[in-house]
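In this text, all values refer to a predicted model and were calculated from it rather than measured experimentally. A note on names: the letters A, B, ... follow the listed sequences, proteins ahead of strands, and every chain is numbered from 1.
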2 protein chains.
Amino acid sequence: MAAKQRVVNLSTIRQACSECSLFQLCLPVTLDAEDVEQLEDIVQRRRPLRRGEYLYRAEDPFRAIYAVRAGAIKTTVLSINGEEQITGFHLPGEILGLDAINSGRHPCSAQALETTSVCEIPFDNLEYLATKIPGLQQSLLRIMSKEIFKDHELLYAVAKRSADERLAIVLLSFSNRFGRRGLSRTRFRLPMSRAELSNYLGLAPETMSRLFRRFQEQGLITASGKEIALQDIGALRDLAYGYGCEANQRHLRS
Amino acid sequence: MAAKQRVVNLSTIRQACSECSLFQLCLPVTLDAEDVEQLEDIVQRRRPLRRGEYLYRAEDPFRAIYAVRAGAIKTTVLSINGEEQITGFHLPGEILGLDAINSGRHPCSAQALETTSVCEIPFDNLEYLATKIPGLQQSLLRIMSKEIFKDHELLYAVAKRSADERLAIVLLSFSNRFGRRGLSRTRFRLPMSRAELSNYLGLAPETMSRLFRRFQEQGLITASGKEIALQDIGALRDLAYGYGCEANQRHLRS
DNA sequence: CGTAATTTTGACGCGCGTCAAAGCTTGTGG
DNA sequence: CCACAAGCTTTGACGCGCGTCAAAATTACG
């Protein structure tokens with residue numbers, strides 16, 4: 001089914017690659033045109049997901065990883081009492097599903113926050129390709145490493161910080177992630193509701209609401225609905241990274 | 001330097017492998033004796049670390065990943081104000097350093113909590129070997145996936161829960177991790193101080209202390225110093241996994 | 001344009017951090 | 001083997017941050 005002849009040049013590949021969010025797999029290392037072509041052959045387009053549709057559900061068997069092209073996806077787990085815990089937001093250019101490799105089943109559900117299109121990358125093929133193309137294996141390992149690191153970061157970020165620090169942190173996180181994709185770092189549209197944000201951050205929605213008000217009063221941001229503009233990134237950074245968090249570390253030895 | 005001839009049989013390999021904590025790399029997939037031998041060749045023993053000694057420091061260039069053979073290691077980051085944030089405890093049989101693959105530098109420091117011996121697995125060699133032995137590549141990916149998942153778990157675990165739920169969760173986590181290694185699941189010695197535990201969980205040491213008292217009064221555990229005995233695992237599980245955490249999810253759509 | 005879902009606002013209470021000081025370990029040197 | 005520090009761990013008192021409940025205001029959507 002992939003036996004057709006094709007003529008490609010590197011720049012169109014790069015472009016297609018980037019367009020369908022494979023750039024994360026391509027960029028870190030040098031893959032030549034042929035490699036990228038092979039990689040592209042295994043990538044599948046799917047019809048866009050509508051808001052609320054599931055990309056996969058927890059416990060589904062693991063077949064593929066996914067790259068978000070446009071839109072946004074949230075991943076969730078169900079706590080025992082049947083309540084939804086949001087574990088991550090995935091924006092264009094980001095990859096999800098890696099956490100399923102180990103057990104062979106998805107540990108969380110993935111649901112579209114708005115109309116969203118993704119690329120599907122069947123993992124069997126990818127893994128096979130990775131043994132053939134050393135650059136690709138490296139690339140894969142690197143992405144997974146980054147994933148681990150990102151999570152660690154969020155872990156500290158969210159676990160041990162006050163509500164306003166948490167909000168500052170995610171706002172800056174979105175700012176960076178949009179910025180990396182070439183969008184504005186200071187004005188963007190949050191794809192999720194306040195309730196989802198607060199759930200993600202482990203706060204009550206009421207607290208989230210009050211925070212948004214406070215942040216606006218302090219001139220840190222302006223917000224109307226989901227449209228956000230960061231007015232004072234410096235101050236946000238001060239909030240997010242450190243100053244005023246002399247939490248509970250003074251008790252440790254050297 | 002690795003050119004010497006050796007006669008091996010699979011069971012001694014397996015044993016050595018498990019002893020030096022490579023079992024995580026071997027077990028998930030089938031590697032034949034020769035593969036394991038190659039793997040073993042690149043593993044390096046190091047002299048044991050004494051309590052407080054660093055295995056590596058944040059920002060150190062990434063050379064190798066490490067498997068804990070005996071003892072325990074904590075990984076930490078420094079927040080801007082120079083305070084230590086504990087990001088993980090690593091017990092025998094566990095692997096650390098994977099989070100450095102992406103950037104090429106260790107994002108955190110690793111320090112021995114007690115006398116600790118580790119295996120060093122130079123990453124260049126491992127990566128090369130992984131291209132030669134498909135089973136090994138799979139194994140690596142799987143471990144990294146597990147790592148991602150574990151972190152996710154802890155993220156929810158710690159971020160959005162009350163102090164006693166957090167304590168129940170880590171106690172059960174240690175119970176499982178010791179149990180997996182063949183030690184008792186109900187009586188064990190915590191390798192870290194209360195202050196370190198509380199730092200890790202994002203709590204004040206005073207709170208930790210009060211929690212230990214409460215848990216003992218309620219008959220959940222008995223503790224004297226670092227020796228812990230879990231008396232009522234069922235109740236701990238109830239605390240850890242759900243009941244009574246109707247936190248902040250009732251606000252979400254469908 | 002009306003109904004449902006979301007967001008906002010206010011009042012109130014509890015959990016947990018903070019400060020301060022009193023036991024307990026642990027290790028070191030006489 | 002004991003004495004004396006220097007950590008740790010525990011205890012109590014107190015206050016603030018944020019969750020909870022309830023209801024109004026706003027927005028989204030058919």
Side-chain angles (χ1 to χ4, degrees), chain A residues 50-52 83-84 86 113-115 158-168 189-217 221-228 239 244-254, chain B residues 50-52 74 83-86 113-115 158-168 189-217 221-228 239 244-254:
Chain A
R50 275 197 298 274
R51 165 189 237 250
E83 280 152 1
E84 192 174 295
I86 297 177
L113 288 170
E114 53 193 22
T115 303
V158 166
K160 340 194 171 180
R161 300 179 107 97
S162 65
D164 39 10
E165 288 169 345
R166 297 185 198 190
L167 180 54
R189 186 169 193 288
L190 292 177
M192 75 293 296
S193 73
R194 301 286 143 98
E196 286 167 327
L197 236 200
S198 65
N199 174 300
Y200 176 63
L201 293 179
L203 298 170
E206 294 92 334
T207 305
M208 187 83 323
S209 173
R210 284 185 254 266
L211 275 177
F212 269 91
R213 180 157 50 87
R214 267 233 326 275
F215 274 33
Q216 291 194 71
E217 287 167 4
I221 64 173
T222 53
S224 86
K226 296 184 171 172
E227 296 292 339
I228 306 289
L239 251 182
C245 95
E246 58 275 0
N248 49 4
Q249 290 74 1
R250 47 202 151 74
H251 311 272
L252 289 180
R253 66 166 173 270
S254 85
Chain B
R50 276 196 298 274
R51 165 191 237 248
K74 70 173 174 184
E83 279 152 2
E84 191 174 297
Q85 281 284 352
I86 298 178
L113 289 170
E114 51 192 22
T115 304
V158 166
K160 336 191 173 181
R161 300 179 108 98
S162 65
D164 38 12
E165 287 169 345
R166 296 185 199 191
L167 180 54
R189 187 171 195 287
L190 293 176
M192 74 292 296
S193 73
R194 301 286 143 98
E196 286 167 327
L197 236 199
S198 65
N199 174 300
Y200 176 62
L201 292 180
L203 299 169
E206 295 91 332
T207 305
M208 187 83 321
S209 174
R210 285 185 254 267
L211 275 177
F212 269 91
R213 181 155 51 87
R214 268 233 325 277
F215 274 33
Q216 292 195 69
E217 287 166 4
I221 64 172
T222 52
S224 85
K226 296 185 171 171
E227 296 292 340
I228 306 288
L239 251 182
C245 94
E246 58 273 1
N248 49 3
Q249 289 75 2
R250 49 204 149 73
H251 312 271
L252 289 180
R253 67 167 172 268
S254 85

> Between B:Gln85 and B:Asn199, is a side-chain contact (heavy atoms from CB on, under 4.5 Å) present by the stated rule, with each step listed?
Replying inline: CA-CA 7 Å; B:Gln85 281 284 352; B:Asn199 174 300; 4.0 Å; yes
> Got a sec, which residues hit side chain to side chain contact (heavy atoms under 4.5 Å, CB included) with A:Ala163, two or more places apart in sequence or on another chain?
Replying inline: A:Leu203, A:Thr207, A:Leu211
> Which residues pass the salt bridge (Lys or Arg N to Asp or Glu O under 4.0 Å) test with A:Arg214, sequence neighbours left out?
Replying inline: A:Asp164
> Listed by chain and number, what are the salt bridge (Lys or Arg N to Asp or Glu O under 4.0 Å) partners of A:Arg50, not counting sequence neighbours?
Replying inline: none
> Are any of the side-chain nitrogens in B:Lys74 or B:Glu84 under 4.0 Å away from the carboxylate oxygens of its partner?
Replying inline: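 Salt bridge between B:Lys74 and B:Glu84, a charged N being under 4.0 Å from a carboxylate O: yes.
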Please produce a list of atom pairs where a protein N or O lies less than 3.5 Å from an N or O of nucleotides 8-12 of chain C.
from	atom 1	to	atom 2	distance (Å)
C:dT8	OP2	A:Ser209	OG	3.1
C:dT8	O5'	A:Ser209	OG	3.1
C:dT9	OP2	A:Arg213	NE	2.6
C:dG10	N7	A:Arg210	NH1	3.0

Between [N] ([atom2]) and [X] ([atom1]): distance, integer Å:
{"X": "A:Asn199", "N": "C:dT6", "atom1": "CG", "atom2": "P", "result": "13 Å"}
{"X": "B:Leu197", "N": "D:dT10", "atom1": "CG", "atom2": "C1'", "result": "16 Å"}
{"X": "A:Arg166", "N": "D:dG17", "atom1": "CZ", "atom2": "P", "result": "14 Å"}
{"X": "A:Met192", "N": "C:dT6", "atom1": "CE", "atom2": "C1'", "result": "16 Å"}
{"X": "A:Arg161", "N": "D:dG17", "atom1": "CZ", "atom2": "C1'", "result": "16 Å"}
{"X": "B:Arg50", "N": "C:dG27", "atom1": "CZ", "atom2": "P", "result": "14 Å"}
{"X": "B:Arg214", "N": "C:dC16", "atom1": "CZ", "atom2": "C1'", "result": "11 Å"}
{"X": "B:Glu227", "N": "C:dT25", "atom1": "CD", "atom2": "P", "result": "14 Å"}

> Who passes side-chain hydrogen bond (donor to acceptor under 3.5 Å, both in side chains) against B:Arg189, sequence neighbours left out?
Replying inline: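 Partners of B:Arg189 by the side-chain hydrogen bond (donor to acceptor under 3.5 Å, both in side chains) criterion come out as none, since no residue qualifies.
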>> According to side-chain hydrogen bond (donor to acceptor under 3.5 Å, both in side chains), who are the partners of B:Thr222, at least two apart in sequence or on a separate chain?
In response: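 For B:Thr222, the residues satisfying side-chain hydrogen bond (donor to acceptor under 3.5 Å, both in side chains) (neighbours in sequence not counted) are B:Gln231.
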> What is the bend of the helix from C:dC1-D:dG30 to C:dG30-D:dC1 when you compare the axis at one end with the axis at the other, using five pairs each and rounding to 10°?
Replying inline: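 Here the local axes at opposite ends form an angle of 50°.
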> For the side chain of A:Glu165 and the backbone of A:Ser162, is there at least one donor-acceptor N/O pair under 3.5 Å apart?
Replying inline: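 Present.
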> A:Gly225 or A:Asp164: which one's nearest nucleotide on DNA chain D is closer to the 5' end?
Replying inline: A:Asp164
>> Evaluate B:Leu113 against B:Arg51 for side-chain contact (heavy atoms from CB on, under 4.5 Å), listing each step before the verdict.
In response: CA-CA 5 Å; B:Leu113 289 170; B:Arg51 165 191 237 248; over 6 Å; no
